[in-house]
Amino acid sequence: MVELVKAHAPITGEQIAELLGLSRPTLRSDLALLVMLGLIDAKPKVGYTAGSSVNLGSHLSRKLLALKIRDVQSMPVIVGEQATVHDAVVSLFMENVGSLIVVGEDGCLSGVISRKDLLKFTLGHTNGASMPVSMVMTREPNVVHVSPDESIIDAAHKMINHQVDSLPVVIPAKAEQSGSRARWEVVGRITKTIMTQILLDLAVDR
């Protein structure tokens, strides 16, 4: 998306959405994040242009690039594969999060389930509340995740490219691998809310 803006600036949100084959509302949060990170600028009645607030050599940019996931990650909100959709909904509201990380019996990452997943499932299934979350979740290895040693810029790129609001933070599991498939132990999560807080903290502290 950043490359599109650089190549076609000034460009409107509608034009970006058309080039990507997506709807404008789908991109709204991603564009907001890019603007907050300084990767693009938004100019009223003009459109989006290449970012100017965070330059590679700037003090703010250096601090931003130096931050690792381990420095800012929060505690993961986890449910087991056999938890019901009802249990998942309760957990979402109790923890005030947008998605849940699902683990298997071995405690390793099994999948991720979002509010949108739960809403779509329950609207189509009258008895959906009693179903296990394993029937609804996005399954590993299709889950996008990050390691504690990656930078927050890496996480931002993954969120934007895959259009997700949060990412599990994982490390290789200590247990034996099942066949050739890697297993991951969940140690945290990173969210767009955390990204926003980081930017605010850096802006105030600069």
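Residue indices begin at 1 and follow the sequence shown. Because the structure is a prediction, the values reported are computed rather than measured.
Arg189 contributes atom CZ, which lies 11.5 Å from atom CG of Asp165 (distance to the nearest 0.5 angstrom). Note that the CD1 atom of Ile113 and the OG atom of Ser91 stand 10.0 Å from one another [nearest 0.5 Å]. Remark: Asp106 CG to Glu81 CD distance equals 8.0 Å, nearest 0.5 Å. The CG atom of Leu27 sits 5.0 Å away from the CG atom of Leu22 when rounded to the nearest 0.5 Å. Here the straight-line distance linking atom CD1 of Ile40 with atom NZ of Lys6 works out to 11.0 Å at 0.5 Å rounding. Rounding to the nearest 0.5 Å gives a distance of 11.5 Å between CD1 of Ile194 and CG of Asp201.
Taking the charged nitrogens against the carboxylate oxygens, Asp149 and Lys68 have no contact shorter than 4.0 Å, which rules out a salt bridge.
Here the closest non-hydrogen pair linking Tyr48 and Gly13 is CE1-N, 3.7 Å. Residue Ile101 comes nearest to Pro76 through the heavy atom pair CD1-CB, 3.9 Å, listed as atom of the first residue, atom of the second, then distance. The two residues His145 and Pro168 have their closest heavy-atom pair at CB-O, 3.3 Å. Closest of all the heavy-atom pairs between Ala50 and Val5 is N-CG1, 3.8 Å.
Hydrophobic clustering places Val187 together with Val144 (ILVMFWY residues linked when any side-chain heavy atoms are closer than 4.5 Å, directly or through intermediates). Val112 and Met131 fall into different hydrophobic clusters, defined by Ile, Leu, Val, Met, Phe, Trp and Tyr side-chain heavy atoms under 4.5 Å apart, directly or through other members. Linking Ile, Leu, Val, Met, Phe, Trp and Tyr residues whenever their side-chain heavy atoms come within less than 4.5 Å leaves Val170 and Val146 in two separate clusters. Each of Val90 and Ile78 belongs to its own hydrophobic cluster when Ile, Leu, Val, Met, Phe, Trp and Tyr are linked at side-chain heavy-atom distances under 4.5 angstrom. Hydrophobic clustering of Ile, Leu, Val, Met, Phe, Trp and Tyr side chains at less than 4.5 Å, counting indirect connections, unites Met159 with Ile69.
The closest donor-acceptor contact from the side chain of Gln15 to the backbone of Thr12 lies under 3.5 Å.
No side-chain heavy atom of Asp41 sits less than 4.5 Å from a side-chain heavy atom of Val35. Annotation: side chain of Val79 is not in contact with side chain of Asp87 (no heavy-atom distance under 4.5 Å).
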Compile the donor-acceptor pairs under 3.5 Å between side chains in residues 132-141 and protein atoms, sequence neighbours left out, one pair per line.
{"from": "Arg139", "atom 1": "NH2", "to": "Ser134", "atom 2": "O", "distance (Å)": "3.0"}
{"from": "Glu140", "atom 1": "OE2", "to": "Trp184", "atom 2": "NE1", "distance (Å)": "3.4"}

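For Lys43, the side-chain contact (heavy atoms from CB on, under 4.5 Å) partners two or more places apart in sequence, or in a different chain, are Val46, Thr49. The side chain to side chain donor-acceptor pair (under 3.5 Å) test applied to Lys158 returns Glu150, not counting sequence neighbours.
Counting heavy atoms of neighbouring residues, nucleotides and ligands inside a 6.0 Å radius, atom CD of Glu18 does not exceed 12 of them. In Asn96, the CG atom is not crowded: 12 or fewer heavy atoms of neighbouring residues, nucleotides or ligands sit closer than 6.0 Å. Other residues, nucleotides and ligands place no more than 12 heavy atoms under 6.0 Å from the CG atom of Asn127.
With no hydrogens or angles considered, a side-chain donor-acceptor pair links Ser99 and Ser166 at under 3.5 Å.
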